[in-house]
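A short worksheet on the structure shown next.
When reading the values below, keep in mind they use all heavy atoms of this one structure, side chains included, and skip hydrogens, waters and symmetry mates.
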Amino acid sequence: MGMMKIFSGSEILASALKEKIEEIGVEVLQKDNIQSARLGGFGNLDLAVELFIDERHFGKVAEVVEKFRMSI
């Protein structure tokens, strides 16, 4: 099982996309770089949140991700 990054961006956008993907029954792993940086004692100006899925589900998720990207 390999993980595939499908999104990097703000926490608000990541949460919205995560919800849409979970509605179709695919589990999403969310990595919050801001929270990790804060706990480590330093700031982070990079893209805040990354979303990952199991690469086996990419075919099922691709259309949802593309529609989401076109809507923002």
Original post:
Looking at Ala16 and Phe68, what are the two nearest heavy atoms and their distance?
Top reply: CB-CE1, 3.9 Å
Subject >> Closest contact, heavy atoms only, Ser8 versus Glu50 >> reply: OG-CG, 3.6 Å
Subject >> Result of checking Val26, Val49, Val28 against Lys18 for side chain to side chain contact (heavy atoms under 4.5 Å, CB included) >> reply: Val28
Quick check: are there more than 12 heavy atoms from other residues, nucleotides or ligands sitting under 6.0 Å from [atom1] of [X]?
X: Ile72; atom1: CD1; answer: yes
X: Gln30; atom1: CD; answer: yes
X: Glu22; atom1: CD; answer: yes

**OP:** Look only at the side chain of Lys31 and the backbone of Ala48, and say whether a donor-acceptor pair between them is shorter than 3.5 Å.
**Re:** no
Inter-residue atom distance [X].[atom1] - [Y].[atom2], 0.5 Å rounding:
X: Glu63; Y: Ile24; atom1: CD; atom2: CD1; answer: 9.0 Å
X: Ser71; Y: Glu66; atom1: OG; atom2: CD; answer: 10.0 Å
X: Ile53; Y: Lys5; atom1: CD1; atom2: NZ; answer: 13.5 Å

Original post:
Is any side-chain heavy atom of Leu51 closer than 4.5 Å to a side-chain heavy atom of Leu29?
Top reply: no
Original post:
Does any non-hydrogen side-chain atom of Phe58 lie less than 4.5 Å from one of Val65?
Top reply: no
